[in-house]
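Below is one structure; the comments refer to it alone.
Since the structure is predicted, the reported quantities are computational estimates derived from the model, not experimental observations. One is the number of the first residue; the rest follow in order along the sequence.
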Amino acid sequence: QLQLGESGGGLVQPGGSLRLSCAASGFGLDYYAIGWFRQPPGKEREGVSCITSSVGRTVYADSVKGRFTIARDNAKNTVYPQMNSLEPRDTAVYYCAADLSDVPVLQGNCHRASEYDYWGQGTQVTVSS
């Protein structure tokens with residue numbers, strides 16, 4: 001059974017950068033498309049980015065385009081969301097999720113939480129001076 005775990009969150013100043021990790025165990029991460037979500041305090045969970053299982057095609061939400069990137073190292077069973085030019089509005093609990101299908105990513109419809117079957121526990125990112 002696939003299990004996911006996020007790490008790398010913490011406190012960062014506005015304009016700073018942070019790299020998160022989403023590590024998989026149980027099965028190889030190369031079988032799964034990975035979605036990245038966040039949930040700000042008092043708000044609904046929203047999609048941030050997603051990446052296909054092998055080709056590496058990526059999709060980004062409008063709110064993070066040009067600032068966030070996502071990459072994967074299947075040999076390490078890890079996905080690395082890189083967050084640059086962080087703003088207070090980026091403060092949230094960040095989650096990674098896995099989907100056996102690449103289709104939502106390829107079609108640009110990968111920001112729906114209901115599409116994903118496996119979720120990590122989340123890691124908190126706080127952007128504040």
Side-chain angles (χ1 to χ4, degrees):
Q1 182 178 356
L2 179 69
Q3 293 184 322
L4 303 175
E6 302 95 333
S7 63
L11 177 64
V12 62
Q13 295 182 348
S17 299
L18 199 64
R19 189 183 77 161
L20 305 181
S21 297
C22 178
S25 61
F27 288 92
L29 200 60
D30 55 314
Y31 287 96
Y32 299 90
I34 298 297
W36 196 255
F37 294 80
R38 67 184 182 185
Q39 187 167 16
K43 295 185 177 182
E44 298 294 322
R45 189 172 299 183
E46 63 180 3
V48 176
S49 61
C50 16
I51 185 170
T52 52
S53 60
S54 59
V55 177
R57 187 173 301 178
T58 56
V59 177
Y60 298 95
D62 290 339
S63 60
V64 304
K65 285 182 179 178
R67 300 189 299 121
F68 290 11
T69 60
I70 185 169
R72 65 192 303 157
D73 187 341
N74 288 337
K76 297 181 179 179
N77 265 353
T78 305
V79 171
Y80 299 100
Q82 177 69 43
M83 305 185 296
N84 302 316
S85 301
L86 285 163
E87 303 171 357
R89 64 175 177 169
D90 297 316
T91 296
V93 177
Y94 284 74
Y95 301 87
C96 64
D99 185 3
L100 277 171
S101 177
D102 281 339
V103 173
V105 181
L106 295 172
Q107 295 182 341
N109 295 318
C110 55
H111 296 320
R112 299 176 181 177
S114 60
E115 182 68 29
Y116 297 86
D117 296 318
Y118 305 96
W119 292 81
Q121 81 286 351
T123 185
Q124 184 178 2
V125 173
T126 302
V127 184
S128 176
S129 60

Could you tell me if the side chain of [Y] sits less than 4.5 Å from the side chain of [X], heavy atoms only?
X      : Y     : result
Val125 : Arg38 : no
Val79  : Cys96 : no
Cys50  : Val59 : yes
Phe68  : Leu18 : no

Check: [Y] main-chain N/O paired with [X] side-chain donor or acceptor under 3.5 Å:
X     : Y      : result
Gln3  : Gly26  : no
Thr91 : Val127 : yes
Asp73 : Thr78  : no

What is the distance from atom [atom1] of [X] to atom [atom2] of [Y], rounded to the nearest 0.5 Å?
X      : Y      : atom1 : atom2 : value
Thr52  : Asp99  : OG1   : CG    : 11.5 Å
Ser49  : Tyr94  : OG    : OH    : 9.5 Å
Ser101 : Leu106 : OG    : CG    : 8.0 Å
Tyr95  : Trp36  : OH    : CH2   : 11.0 Å
Arg72  : Ser53  : CZ    : OG    : 6.0 Å
Leu4   : Cys22  : CG    : SG    : 4.5 Å

Selection residues 119-129 - residue pairs positive for side-chain hydrogen bond (donor to acceptor under 3.5 Å, both in side chains), sequence neighbours left out: Gln124-Thr126
Working for side chain to side chain contact (heavy atoms under 4.5 Å, CB included), residues Ser21 and Tyr80: CA-CA 5 Å; Ser21 297; Tyr80 299 100; 3.5 Å; yes
Hydrophobic cluster membership, [X] vs [Y], 4.5 Å side-chain cutoff:
X      : Y      : answer
Ile70  : Tyr116 : no
Val105 : Val64  : no
Phe27  : Leu29  : yes
Leu100 : Leu2   : yes

Heavy-atom pair of closest approach, residues Arg67 and Ser85: NH1-O, 3.0 Å
Test side chain to side chain contact (heavy atoms under 4.5 Å, CB included) applied to Met83 and Val12, step by step: CA-CA 11 Å; Met83 305 185 296; Val12 62; over 6 Å; no
Salt-bridge criterion met for Arg57 and Asp102 (N-O under 4.0 Å): no
Parallel, tilted or perpendicular: ring planes of His111 versus Phe37, cut at 30 and 60 degrees: perpendicular
Side chain to side chain contact (heavy atoms under 4.5 Å, CB included) evaluation trace for Ile51 with Tyr60: CA-CA 9 Å; Ile51 185 170; Tyr60 298 95; over 6 Å; no
Steps toward side chain to side chain contact (heavy atoms under 4.5 Å, CB included) verdict (Glu115, Cys110): CA-CA 8 Å; Glu115 182 68 29; Cys110 55; over 6 Å; no
